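Keep in mind the model is a prediction, meaning the values are calculated, not measured. Below, chains carry the letters A, B, ... as their sequence lines are ordered, and counting in each starts from 1.
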2 protein chains.
Amino acid sequence: MHGVNVSAITSPLVWEHVQPAAARRLLTGAIDAFAERGFQATTTRDIASRAGMSPAALYVHYPSKERLLFEISRYGHQAALDVLRDADSGDSPAERLRSMVEAFTAWHAEHHTIARVVQYELAALTPEHLAEVATIRRAISAQIEQVLSDGVADGSLAVDDLPGTTLAVLSLSIDVARWYTPHRGDPAALGKLYAELAQRMVQT
Amino acid sequence: MHGVNVSAITSPLVWEHVQPAAARRLLTGAIDAFAERGFQATTTRDIASRAGMSPAALYVHYPSKERLLFEISRYGHQAALDVLRDADSGDSPAERLRSMVEAFTAWHAEHHTIARVVQYELAALTPEHLAEVATIRRAISAQIEQVLSDGVADGSLAVDDLPGTTLAVLSLSIDVARWYTPHRGDPAALGKLYAELAQRMVQT
DNA sequence: GTCTATATGTGGATAGAC
DNA sequence: GTCTATCCACATATAGAC
């Protein structure tokens with residue numbers, strides 16, 4: 001089944017479930033604005049203007065700027081987790097790891113705007129909303145830890161420090177959201193490079 | 001010479017050169033505040049209050065909040081570059097890489113507050129100030145690229161994609177600033193783990 | 001060099017018409 | 001559901017006394 005989800009890696013995120021269209025324009029405008037300037041530096045006027053509306057119209061669709069961030073963060077976290085789970089396929093822990101790192105890395109490059117919001121705006125969430133996305137973050141981490149753990153169990157992977165190596169593998173992909181711009185190469189190639197580097201980190 | 005700079009890795013940053021003491025209290029207060037909340041969410045009142053002063057007193061020592069950020073960013077970037085250069089020692093490219101990754105990673109953990117400001121607040125700098133720190137950033141990148149390049153030249157390291165691997169190695173250490181807190185283990189041990197992982201990435 | 005007081009701008013959010 | 005107009009809080013920065 002390896003490679004079956006390649007289309008999911010490179011296809012744009014789908015927002016049709018956000019209705020009506022005005023709410024969707026606000027959401028996508030907010031993603032761009034938050035990714036460019038950060039949550040705190042983004043004004044509701046900026047978001048509304050990107051959606052072609054007056055500032056007041058925003059509050060018909062969202063009760064606050066933070067709620068807009070939360071919707072983005074929750075959806076983005078879930079999308080990242082889905083990509084990772086869909087990529088967890090292969091005949092060995094090593095193959096599964098390659099596939100997951102490839103997909104997770106490519107997702108962070110392809111969707112670097114929403115990924116930036118997901119990874120760098122956690123501090124702007126309310127405690128309740130942060131707790132909700134933290135649950136998804138733990139599932140993401142557990143997904144990587146499981147495959148490494150499976151590799152240790154069957155002796156096919158060499159992992160001295162399981163939590164430390166889990167974090168390092170995740171970290172490599174996540175940091176893509178910080179530095180990636182389209183001129184730095186295409187997401188698929190980056191995914192393949194990082195899959196190779198990650199496998200080398202843990203090979204026996 | 002390996003290990004000679006261990007004290008530099010774990011010693012606190014030295015701020016004696018910032019005079020008078022009030023200016024230094026403002027600077028260290030700003031580092032803590034920027035690291036906790038981000039530049040945009042930090043108020044001059046918060047910074048002044050951490051330094052035990054009224055908001056107005058800040059402007060005797062710094063002309064703006066941005067200037068305070070710039071001083072922190074410039075000094076932090078230079079400190080990170082110095083750590084990397086001091087660690088560039090060893091008899092082979094592999095040893096030099098290990099030493100550099102160990103020191104650079106441990107620095108980002110030990111000094112995660114200033115490292116967070118250095119790595120995540122670039123967008124808040126004026127274009128002129130950003131250009132100045134970007135020069136230091138290029139030197140940091142060049143330092144890693146050089147050792148990988150030397151390893152390729154003498155056949156001791158296996159690097160398929162030199163710019164991509166350079167970025168990946170740097171990225172792993174830099175991302176430590178995002179997630180590190182003291183309860184996640186000690187900086188020296190993390191440095192050793194990451195040195196091992198980086199070496200595995202490029203070993204023949 | 002530090003204070004109190006304040007000028008000036010701006011941002012999140014609301015009121016009420018259409 | 002969108003608009004114009006605006007409230008109100010707060011933030012950067014300055015003025016002027018001590």
Handout entry: Upstream residue (5' side of DNA chain D) when A:R45 and A:G52 are each assigned their closest nucleotide
Key = A:G52
Exercise for the section: Return the nearest nucleotide to the side chain of B:P20; candidates are C:dG1, D:dC3, C:dC3. Expected result: C:dG1
Problem - Side chain of A:S64 - closest among D:dA11, D:dT2, C:dA13 - result: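 Shortest atom-to-atom distance from the side chain points to C:dA13.
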Exercise for the section: Ignoring hydrogens and angles, tell me if any N or O in the side chain of A:E121 forms a donor-acceptor pair with the backbone of A:V118 under 3.5 Å. Expected result: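 Not a single qualifying donor-acceptor pair exists.
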What is the distance, rounded to the nearest whole Å, between atom [atom1] of [X] and atom [atom2] of [N]?
X     : N      : atom1 : atom2 : value
B:L26 : D:dT12 : CG    : P     : 13 Å
A:Q40 : C:dG11 : CD    : P     : 13 Å
A:R67 : C:dG12 : CZ    : P     : 18 Å
A:D46 : C:dT10 : CG    : P     : 14 Å
B:R37 : D:dA11 : CZ    : P     : 10 Å
B:H61 : C:dT2  : NE2   : P     : 4 Å
A:K65 : C:dT14 : NZ    : P     : 15 Å
B:F39 : D:dA11 : CZ    : P     : 14 Å

Exercise for the section: Applying side-chain contact (heavy atoms from CB on, under 4.5 Å), run through A:Y75 and A:H17 and close with a yes or a no. Expected result: CA-CA 11 Å; A:Y75 183 80; A:H17 61 105; 3.2 Å; yes
Exercise for the section: Would you please classify the geometry between the A:W107 ring and the A:H111 ring as parallel, tilted or perpendicular, with 30° and 60° separating the classes? Expected result: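 Judged by the thresholds at 30° and 60°, the geometry between A:H111 and A:W107 is tilted.
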Problem - Least distance between heavy atoms, B:L172 atom then A:S171 atom - result: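 That would be O-OG, 4.3 Å.
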Exercise for the section: With B:R37 as reference, evaluate B:T42, B:D46, B:T43 under the side-chain hydrogen bond (donor to acceptor under 3.5 Å, both in side chains) test and give the passing residue. Expected result: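 When B:T42, B:D46, B:T43 are each tested with B:R37, the side-chain hydrogen bond (donor to acceptor under 3.5 Å, both in side chains) holds only for B:D46.
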Side-chain N or O of [X] less than 4.0 angstrom from OP1 or OP2 on [N]?
X     : N      : answer
B:S54 : C:dT4  : no
A:T44 : C:dG12 : yes
B:Y59 : D:dA13 : yes

Exercise for the section: Give one of base, sugar-phosphate or nothing for A:A56, where a contact means two heavy atoms less than 4.0 Å apart. Expected result: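 Touches a base.
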